[in-house]
Amino acid sequence: MRASSLANRLFLSATAWLVVILAITGVVLSSVYKNATERAFDRRLNLYLRTLIAEVATPDEPPDRQFQSLGEPLFELPLSGWYWQITRTDTEKPEARSSRSLWDKKLPKLEEQGTELTAAGIRLAYVDGPEGQTLRMVERPVDLGADGKFLVSVAGDATEIFDETRSFDYYLGGTFTALGIVLLLTTVFQVRFGLAPLKRISESIADIRSGRAERLEGEFPVEIAPLARETNALIEANREIVERARTHVGNLAHAIKTPLSVIVNEASAHAADPFASKVMEQADVMRDQVAHHLERARIAARASIVSTVTEVAPTIEALRRTMEKIHRDRAIIVEAKTDETARFRGERQDLEEMVGNLVDNACKWADTRVFIEVALDAPAQPGAGHRMRIVVDDDGRGLSEAERAQVARRGQRLDESKPGSGLGLSIVTDLASLYGGSLTLGHAPIGGLRAELALPAV
C-alpha cells in the first residue's frame, strides 16, 4: 500500500487509534491491579496490626505470649522483611518491643515522615527497611489511658506487591500485544474487504479502456453505486459527443466538396485561361488540405473512444492481399510476419489507414519486395501500457537522411511522377500522435526505406 493510498490512510489511522487505546487501557488496568494488590497487602498488615493492638490492650497477659510469631514464621526469621514493633511513647525513654526478625534494628516512624492519619486512624506508606528493602508499613497510635500510650507498627516486604504487579504487567503486555496483532490483521481484512468494490470499479474501468467491456456492470454498495452510475453516464455522454462530432465532420465534408467541385468544373471550362489554371491548382490544394484536416478531425473524434480494440493480424493480412492485387502489374511481393496476440487500442479504420499508407508507399517505391513485421514490446516502466511496433520495409532505392526529413513534412514530395497527394506520411504521423504513438523513418535491412510505427497495444 502506497503512503498516499486510501487503504494505507485507513490502516495507519486505525493502527494509531488502536495503539493509543491499548496503551491507555494497559496503563489503567496496571494501575487498578496495583491498587488492588496494595489493598490486599494492606488488609494482611492490618490483620497483624489488630492482633498486636489486642495484645497490647490486655496487659494482664504475659508480655511475650503471642508477640513473636503472630502466626507468620517470617516474623521469626532475622531480617526477613516482615517486622512488627510496639513503642511506648508516654515515658521519658520510649520502650520498644519488636519481632525477632527485626534483630537489633528499628522501624522508622511514619508520623515523623509527615504521613497523615487516614479516616481509620492509621498511617500507610512505603519506607526503606533495615537491609535496604522497600517495606509497606502500617502504623497506628494506641492510647490506653492509665495503661499508657503506644505506637504499633507492622511492615512487610513490598517486593511481593512489585513482583505481583510486574508479573501482571508482563501477562497484560503479552495479551495486549497478541490482541493488537489480531486487531491489526482484522483491520487489514476490513480495509481490503471494505475497499474491494473500489478495486472492482478500477478493474472494470481498465476493461473499458482495453475494450473488454463497454460500461461498469454488476452490483455495488450504496456508497459506491452513485460513482458507478455517474461513470457509466460519463461514458455514454462521451460516446454521444463523439457521434455528434462524426456527424458534423461528415456534413462539413459534403458541404465543402460540392462548392469545390463547382469551382473546378467552371475553371476546367476555361482551361486555356491562366487565371482558370491558377484557380484549378489552388482548388486542388484546398481539396487536399480540407481532406487532410477533415480526416484529422474525424480520427481525433474516434480516438477519444476508450473502449475500441482491433485485432492486428487479420488487418495486416487483409492489407497484404489488397496491396499485392493493386500492384500485381509490377509483381511486388508483400510478406508479413505478425504476432497473433497483438491488439491495437483503437479503431480498425485508423489502423488500416496508417498501415495502408505505409504499405502503399512502400509498394510504390519497392523494386520487388515489401516486408511487414508486427512485434509487441514490454512496458517501458512499471504501470505503463503495452506498445507494439509495425515495421514496413521495402527494397527500393531508399532515402537519405535529408530526404527522410523532407517527406516527413506535410505535403512534401520527392517525385511528382508517383501518384498521390503527398499527404500520406503526414496523415500517418498525425494519426499516430493522436493515439500517443509515433512514426520513424530509417534504412531498411533489405536496402530501401524502413517506416516504423509505434502504437499503443492491449
Side-chain angles (χ1 to χ4, degrees), residues 24-59 63 66-72 74-75 77-169 172:
I24 293 175
T25 305
V27 170
V28 170
L29 288 178
S30 178
S31 178
V32 169
Y33 185 79
K34 181 180 179 181
N35 291 336
T37 305
E38 281 185 348
R39 286 194 299 271
F41 197 85
D42 292 344
R43 284 195 295 270
R44 186 177 171 188
L45 293 177
N46 276 312
L47 176 62
Y48 298 142
L49 181 67
R50 287 195 297 269
T51 303
L52 288 173
I53 292 173
E55 295 297 332
V56 171
T58 51
Q66 286 184 340
F67 280 6
Q68 291 302 321
S69 68
L70 297 178
E72 174 58 69
L74 289 174
F75 286 120
L77 185 64
L79 303 176
S80 64
W82 284 86
Y83 315 107
W84 59 261
Q85 180 177 284
I86 301 173
T87 305
R88 184 163 184 170
T89 59
D90 59 347
T91 59
E92 292 183 4
K93 185 178 181 181
E95 299 175 1
R97 288 180 292 176
S98 60
S99 62
R100 291 177 181 174
S101 58
L102 196 53
W103 204 245
D104 58 349
K105 310 291 185 180
K106 291 187 179 297
L107 292 176
K109 295 181 180 180
L110 297 182
E111 183 179 9
E112 295 176 354
Q113 296 182 0
T115 305
E116 298 294 332
L117 284 172
T118 66
I122 62 175
R123 295 184 179 91
L124 278 166
Y126 288 98
V127 297
D128 292 331
E131 292 294 308
Q133 307 145 312
T134 300
L135 305 178
R136 180 70 171 171
M137 181 173 168
V138 60
E139 175 184 280
R140 180 172 182 175
V142 178
D143 188 354
L144 298 180
D147 292 330
K149 295 180 179 179
F150 300 88
L151 187 64
V152 183
S153 305
V154 180
D157 192 350
T159 304
E160 292 187 19
I161 299 175
F162 302 148
D163 288 346
E164 285 286 333
T165 304
R166 190 178 300 111
S167 177
F168 178 79
D169 288 345
L172 183 66

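Values below: every heavy atom of this structure, side chains too, minus hydrogens, waters and symmetry copies. Since the structure is predicted, the reported quantities are computational estimates derived from the model, not experimental observations.
To the nearest 0.5 Å, the span separating OG1 on T89 from NZ on K149 amounts to 7.0 Å. S80 contributes atom OG, which lies 7.5 Å from atom CD of Q133 (distance to the nearest 0.5 angstrom). Interatomic distance, CG of L79 versus CH2 of W103, reported as 8.0 Å (0.5 Å rounding). Going from atom CD of E116 over to atom OG1 of T118 covers 10.5 Å, rounded to the nearest 0.5 Å. Note that CH2 of W84 is 6.5 Å distant from OG of S98, once rounded to the nearest 0.5 Å. To the nearest 0.5 Å, atoms OG (S153) and CG (L49) are separated by 8.0 Å.
Between V138 and I122, the shortest heavy-atom contact is CG2-CD1, 3.9 Å. For the pair A125 and L110, the tightest heavy-atom approach, listed with the atom from each and the gap, is CB-CD2, 3.9 Å. L45 approaches A155 most closely through the heavy-atom pair CD2-C, 4.0 Å. The shortest non-hydrogen separation linking A96 to K106 is CB-NZ, 4.0 Å. The shortest heavy-atom contact between Y83 and S99 is CA-OG, 3.5 Å. Minimum interatomic distance between G148 and D90 (heavy atoms only, all atoms of both residues): CA-OD2, 2.9 Å.
For D169 and R166, the salt-bridge test fails: no basic side-chain N is under 4.0 Å from an acidic carboxylate O.
Taking the side-chain hydrogen bond (donor to acceptor under 3.5 Å, both in side chains) definition, one finds that T159 meets it with D157, sequence neighbours left out. Judged as a side-chain hydrogen bond (donor to acceptor under 3.5 Å, both in side chains), and not counting sequence neighbours, S31 has no contacts.
Evaluation of the salt bridge (Lys or Arg N to Asp or Glu O under 4.0 Å) test over residues 32-42, restricted to residues two or more places apart or in two chains, returns D42-R136.
In this structure, the side chains of V127 and L107 stay at 4.5 Å or more apart for every pair of heavy atoms. At a threshold of 4.5 Å between non-hydrogen side-chain atoms, the residues V154 and T51 do not count as touching. Put simply, the side chain of R44 reaches to within 4.5 Å of the side chain of E160, judged on heavy atoms. Side chains of Y33 and L29 form no contact here, defined as non-hydrogen atoms less than 4.5 Å apart. Inter-residue side-chain proximity for P141 and L117 is flagged as met; some heavy-atom pair is nearer than 4.5 Å.
For E111, the CD atom is loosely surrounded, since the number of other residues' heavy atoms within 6.0 Å does not exceed 12.
By the 30° and 60° cut-offs, the orientation of the rings of W82 relative to F75 is perpendicular.
Under the 3.5 Å distance criterion, the side-chain polar atoms of R123 are matched with a main-chain donor or acceptor of T115.
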Apply side-chain contact (heavy atoms from CB on, under 4.5 Å) to the pair T37 and F168, showing each step before the final yes or no. CA-CA 10 Å; T37 305; F168 178 79; over 6 Å; no
Yes or no on side-chain contact (heavy atoms from CB on, under 4.5 Å) for R140 and N46, after CA distance, side-chain angles and deciding distance? CA-CA 10 Å; R140 180 172 182 175; N46 276 312; over 6 Å; no
